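Report on one structure; see the data block that follows.
What you see is a predicted model; the values in this text were computed from it and never measured.
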Amino acid sequence: MKLDRTQTAETNDYPVLEPGTYDFEVKNAEHTTSSTGNWMWKLTLRFEQPNGPDVTVFDYLVENDKNVWKFNSFLDCIGSKLEDTNKLADTIGEIGKASVEVEKGTNGYQDRNRVKRYLPKEEEKKPAPKKQKAGDDLPF
């Protein structure tokens, strides 16, 4: 499923999603450093809103042992088998689902969304194999 490419007007007020689960598309993945000097990936995610403009949410995947779970969760979400985090930019254009929440704004900044968790990609539903009755495989 591809998301609608609706553009939003640039204003000082950014739309905020209600807490819940939404489809997203990876718009950008930038390798940078955090304020504490750790290497990280800054993800720009475009979330689809049912009745309104698309919403941009930034998420940060910090490269340290403590945050390996978040990398794995993100990659499972988009169905990627990527094993080298240096190639995370290859995920641009991928889609997935994530649970988002609202983070209250402070110091004059407005409320904003943040990714609470990435949801694993749903495997295609395959029909259950039909059960054979005992003796159905006999040649006579």
Side-chain angles (χ1 to χ4, degrees):
M1 167 174 91
K2 276 294 185 192
L3 300 175
D4 180 21
R5 303 269 182 215
T6 306
Q7 296 291 320
T8 59
E10 290 189 22
T11 65
N12 290 332
D13 293 325
Y14 297 98
V16 177
L17 296 167
E18 292 294 322
T21 300
Y22 298 90
D23 293 328
F24 71 86
E25 178 182 15
V26 180
K27 294 302 290 177
N28 196 24
E30 178 184 348
H31 205 211
T32 186
T33 55
S34 69
S35 59
T36 58
N38 291 315
W39 282 105
M40 69 175 186
W41 283 90
K42 177 182 177 183
L43 300 178
T44 304
L45 308 173
R46 184 178 56 82
F47 282 83
E48 188 174 66
Q49 188 170 203
N51 297 315
D54 293 344
V55 177
T56 299
V57 176
F58 299 101
D59 196 21
Y60 305 90
L61 304 178
V62 180
E63 293 182 18
N64 60 28
D65 291 340
K66 181 180 172 186
N67 291 302
V68 170
W69 68 271
K70 195 167 186 183
F71 275 97
N72 291 335
S73 174
F74 170 72
L75 293 172
D76 286 346
C77 174
I78 61 172
S80 176
K81 302 295 183 208
L82 192 66
E83 293 183 17
D84 183 357
T85 59
N86 290 323
K87 296 184 179 185
L88 208 61
D90 292 347
T91 65
I92 295 172
E94 297 290 338
I95 59 172
K97 281 187 186 281
S99 175
V100 297
E101 60 188 5
V102 176
E103 187 176 85
K104 289 291 181 194
T106 58
N107 299 327
Y109 290 100
Q110 72 177 51
D111 294 353
R112 64 181 179 177
N113 289 116
R114 72 178 206 90
V115 174
K116 184 175 181 181
R117 66 186 176 105
Y118 292 101
L119 305 175
K121 190 167 206 81
E122 293 179 12
E123 293 184 21
E124 291 182 33
K125 306 254 182 198
K126 296 178 183 174
K130 294 181 181 178
K131 293 183 181 180
Q132 292 184 353
K133 295 179 184 175
D136 276 355
D137 58 347
L138 298 176
F140 51 90

Completion exercise
Apart from W69 itself, its cluster of hydrophobic side chains linked below 4.5 Å comprises none
Fill in the blank from the handout: Interatomic distance, NZ@K70 vs CG@N64, rounded to 0.5 Å, equals 11.0 Å
Handout entry: Minimum heavy-atom distance between F71 and L88, given as atom pair plus value
Key = CE2-CD2, 4.0 Å
Problem - Over 12 non-hydrogen atoms of neighbours within 6.0 angstrom of NZ in K116 - result: no
Practice task
Show your working on salt bridge (charged side-chain N to carboxylate O under 4.0 Å, His left out) between R46 and E25 and close with a plain yes or no.
Solution key: CA-CA 5 Å; R46 184 178 56 82; E25 178 182 15; 2.6 Å; yes
Exercise for the section: Measure from the side-chain N and O atoms of Q49 to the backbone N and O of V55, and report whether any donor-acceptor pair falls under 3.5 Å. Expected result: no
Handout entry: Any donor-acceptor pair under 3.5 Å from D54 side chain to E48 backbone
Key = no
Problem - 4.5 Å side-chain heavy-atom contact, Q110 and Y14 - result: yes
Handout entry: Whichever hydrophobic residues join M40 through chains of side-chain contacts under 4.5 Å
Key = F58, Y60, V62
Handout entry: Parallel, tilted or perpendicular: ring planes of Y22 versus F47, cut at 30 and 60 degrees
Key = perpendicular
Problem - Side chains of I78 and I95 in contact at under 4.5 Å (non-hydrogen atoms) - result: no
Practice task
Treat each ILVMFWY residue as a node, draw an edge where side-chain heavy atoms are under 4.5 Å apart, and state whether L45 and L119 are in one component.
Solution key: no
Practice task
Identify the residue among D59, T56, V16 that makes a side chain to side chain contact (heavy atoms under 4.5 Å, CB included) with N113.
Solution key: V16
Practice task
Take atom CD of E18 as the centre, draw a 6.0 Å sphere, and report whether it contains more than 12 heavy atoms from other residues, nucleotides or ligands.
Solution key: no
Problem - Plane angle bin for F24 and F74 - parallel if under 30°, tilted between 30 and 60°, otherwise perpendicular - result: parallel
